[in-house]
Amino acid sequence: MARSVIDVSGLPTYAFGSRVTPWWGTFSFCLLEGTGFALGIGGYLYLAVTNKDWAKDAVPLSLLWSALFTLVLVVSALPNFLIKRAATRESLRSVRLLLLIMSAVGLVLIGLRIMEFSALPVRWSDNAYGSFVWLLLGLHGVHVLTDVADTLVLTVLMFTRHGTGKRFSDAEDNAFYWYFVVLSWLPLYAVLYWLPRF
Amino acid sequence: MSPAIEERHETRDTDLGDEELRARLSRTWGSARGLIGILSTVDHKIIGIRYAVTAFVFLLAGGIMAIIMRLQLARPDSHLVDAELYNQLFTMHGTTMMFLFGVPVGEAFAVYLVPLMVGTRNIAFPRLNAFSYYVYLFGGLMLWGGFALSIRPDVGWFSYVPLANLNFTPGKGPDYWAQMITFTEVAALAVSVEIVVTVLKQRAPGMTLDRIPLFVWTMLVHSFIIIFAMPAIMLASSMLIMERLVGTQFFNPDAGGDPLLWQHLFWFFGHPEVYIIFLPGTAFVSAIVATFSRRPVFGYLPMVLSLIAIGFLSFGLWVHHMFVTGLPEIGAAFFTASSMAIAIPNGVQIFCWIATLWDGKPVLKTPLIFVLGFFFIFVAGGLSGVMLASVPIDTQVHDTYFVVAHFHYVLIGGTVFPLVAAVYYWFPKVTGRLMDERLGKWQFVLAFCGFNITFFPMHLLGLHGMPRRVYTYPAEMGWGGLNLLASAGALLFFASFLLMLYNMIASARSGALAGDNPWGADTLEWATSSPPQPQNFDRIPCVTSGSPLWDQGDDNVVVGGLKVDERELVVTSIREARPDIREESPAPSIWPFLAAFATAVAFIGSIYTPWAITWGSPVVAIVLVAWFWPKTIEENV
Ligand code: HEM
Ligand SMILES: [Cu+2]
């Protein structure tokens, strides 16, 4: 055989961060979902600017549940960061523990989002403002829901015989996506809850 | 990595001779037989072919709609179809061509060719790829199934509200339309993510950024445009359907909404859409021009930069569609400028192609002939586009047949001609047999004449004031002659496709055998057998040049050390493509099909009751868990 060979037999079968393909997959999805959020906010602002009384006589949204939601969400970035670290070090015990914490936090957040919805002073069918409030809250809610579901499945997985090797990379990837869920909420929170007060 | 697995005897490709390696790899990477096997395959080549065949069927279906319209318009005061059916026809024609043919056919070629061209064994996220195909298929079947059941959208391919509102359009047509949009956009977004990751992370070792084939660069930019443009239409179509189903007020001016919001969101996607449809055509042209000129495309760097520029500018063109709705002065000036500006990178590309042909020794085979046809038609379409982009003319001929002529020159010239070229060019790779050249040339004569006879007279009709979207016109207007001519041309043009279909079927059976590289091309898809084995390459090539098959001759470097009995592929670094990881590629699975099916049922159900989403979501969730749950212990390693 007249050929030379680059030997890859010694390469690892998984890694972390931007070295692996799932990270880039998640990154691309963040880009496109982020675009979706940006356009949603753009639509809200477009109507708010072109039509001063689009909200008719709607009262501003109550701050209680959303503040709790935002607080828990922002604080969850800490255990999320720790998961990333523990996963990279492949420490099964810490990953299991932290995933349990993140699952619990996730469930609490879903509960808070439900309270947020039930306390809304407008219905989606009242006016365009109401429609947008429901749309944006719902859109972000779906992201919370999917990542929490993913976290729950991953938690179970980590307690089975599958909790080795590449699954750590999955756990890290899951934590990466959670950052997106946290970050994408902040502009939405500002626009939905604070902008109308000025 | 657990030691038990480490110690198990693992055969590597370096342990085997060529024959045995090929046989064992094709067992590892092959797809099972039987219905379940067919629905479970994750081979990008099989999925790519399915995408292509489905898109072609929709092209024919949309073409038949066009032929019926042309028959109706051939004579003044004709009563072949009435106004209502005519509205349904142009809506179905436009929608089918844009969403079920134009976008997916680009995906089809990307899915089939990009992994081969970058020298890897499968596309990134192959199960997502399978899922995307089924979602697309169900979306298309849904729209056409609805049409057969007389649930027919009739509000045009961009479904303007308030026309598409419940008060004006009470039937379920627009709901089917909106859900179909959502389906095909999900599919396109999924494929784009796969292509981005395949190109960034799965290139063969040594394929540095400046050695990526232009075809692949084009598909990369194309994917990024989709990633930023399609969310707009998904958002818009979801809002439309919520408006109609649960009574939101986004577009209702009486409740603080605004119909213009729909237009803004639609055209945020709608203009890039033109380039989403057009860029795959330029990818085909770059590959074909290089091969048949026997030299790499002139000006690699300007070509890549123009592509990136087109990517950005395609979004800037957004607002020019709203000139008629009256924009502030400065805004209008800016958007006119950027409409014109996009002509620059397009011009650079055309210049580079022509310089390549000029400098090379062009071989006039059918693919190249169709590419020459593309140059002619596309440049003509570009000229009428520049005329449209200058605002005053735009307001005069807006909504006349001038516009219809312009966008068919761009869409058919820019997409369909390169596409036919691409079919002739890659058919031997896919089937192992060449298509007949003589029929190919006849097809070109028919297509080129047919096309111009159909659409050139429409410019004149437009200047004479014939509005678009009218089902008939009175004889006194004097438009009869040109319309008759256009209709005759349409029949010729349609016949050219039937000829191609015949050529494909006959050649697949008894065409000349192609061998690995019948055209003497330079990119990696020609370095493997025709058709390629399930594993694509028995040994992953290493790349040391931008035209590996021309420059690397005896310098035969390959990757060694991959497992033979597991689906392993090489993941490389982004810039230099240094080998970094041996990643496991997912095995066939039935779950993507089931997930697509469950999603489709939930979405169609939601047209009739919002509860379908509530009940459908848990089912979809369960299916997704089954999809991702590892089936063997090896999948964890
Ligand atoms: C056989 C070739 C074709 C013929 C004869 C044809 C003919 C027509 C005709 C007669 C109309 C309706 C004009 C009107 O009443 O306003 C139309 C509209 C349209 N066509 Fe084609 N067409 C062909 C191929 C295509 C292709 C390949 C594409 C896209 C890739 C395309 C995209 C469209 C679109 C987007 C519309 C606008 C529909 C609307 O007004 O909502 N057509 N075409
Ligand atoms: Cu335009």
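Just so it is clear: chains get the letters A, B, ... in the order the sequence lines come, proteins before strands, and each one is counted from 1.
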Nearest 0.5 angstrom please: [X] [atom1] to [Y] [atom2], how far?
X: A:L32; Y: B:S223; atom1: CG; atom2: OG; result: 11.5 Å
X: A:L39; Y: B:L265; atom1: CG; atom2: CG; result: 6.5 Å
X: A:L11; Y: B:E568; atom1: CG; atom2: CD; result: 9.5 Å

Go through the steps to decide whether A:L31 and B:F228 satisfy the test side-chain contact (heavy atoms from CB on, under 4.5 Å), and finish with yes or no.
CA-CA 8 Å; A:L31 278 186; B:F228 288 111; 4.0 Å; yes
Among A:W54, A:F168, A:W23, A:W24, single out the residue with the greatest number of heavy-atom pairs under 4.5 Å to chain B.
A:W24
Counting heavy-atom pairs under 4.5 Å with chain B, which one of A:A48, A:P22, A:G42 comes out on top?
A:P22
What heavy-atom pair brings A:L47 and B:G256 nearest, and what distance separates the two atoms?
CD1-O, 4.0 Å
Where on [X] is there a heavy atom nearer than 4.5 Å to chain B: the side chain, the backbone, both, or neither?
X: A:L157; value: both
X: A:D7; value: both
X: A:S18; value: backbone

Checking A:T21 against B:E583 for the side chain to side chain donor-acceptor pair (under 3.5 Å) test, could you report, in this order, the C-alpha distance in whole Å, the side-chain angles of both residues, the deciding distance, and whether it holds?
CA-CA 9 Å; A:T21 56; B:E583 220 175 65; 2.5 Å; yes
Measure distances from [X] to the heavy atoms of chain A and classify the residue's part below 4.5 Å as side chain, backbone, both or neither.
X: B:M230; value: neither
X: B:V559; value: both
X: B:M234; value: neither
X: B:F125; value: side chain
X: B:I574; value: side chain
X: B:I226; value: neither

Going by the side chain to side chain contact (heavy atoms under 4.5 Å, CB included) test, name the single residue among B:L200, B:L189, B:V193 that passes it with A:S28.
B:V193
Any B:F628 side-chain heavy atom under 4.5 Å of A:D170 side chain
no
Full working for side-chain contact (heavy atoms from CB on, under 4.5 Å) between B:I581 and A:V20:
CA-CA 8 Å; B:I581 312 173; A:V20 298; 3.7 Å; yes
Heavy atoms only, distances under 4.5 angstrom: which of [options] has the most pairs with chain A? Name it, please.
options: B:T14, B:L235, B:D13; answer: B:L235
options: B:V570, B:L562, B:V197; answer: B:V197
options: B:V246, B:D254, B:V196; answer: B:V246

Given B:D258 and A:Y46, is the side-chain contact (heavy atoms from CB on, under 4.5 Å) satisfied, shown in steps?
CA-CA 9 Å; B:D258 190 344; A:Y46 174 76; 3.7 Å; yes
State which residues pass side-chain contact (heavy atoms from CB on, under 4.5 Å) with A:A175; sequence neighbours excluded, sorted by chain then number.
A:N80, A:I83, A:K84
Counting neighbours of CZ on A:R197 that are heavy atoms of other residues, nucleotides or ligands and sit closer than 6.0 Å, is the number greater than 12?
yes
Name each donor-acceptor pair under 3.5 Å that joins a side chain in residues 125-138 of chain A to protein atoms two or more places apart or in another chain, with its distance.
unit_1	atom_1	unit_2	atom_2	d
A:D126	OD2	A:R123	N	2.9
A:N127	OD1	A:Y129	N	3.3
A:N127	OD1	A:G130	N	2.8
A:S131	OG	A:W124	O	2.7
A:S131	OG	A:N127	O	3.1
A:S131	OG	B:Q249	N	2.8
A:W134	NE1	A:V122	O	3.0

At under 4.5 Å between heavy atoms, what parts of residues 619-627 of chain B are in contact with chain A? List them by residue number.
B:V625
What pairs meet the ring pair (Phe, Tyr, Trp, His ring centres under 6.0 Å) rule with one or both residues in residues 55-107 of chain A, with sequence neighbours excluded?
A:F69-A:W185
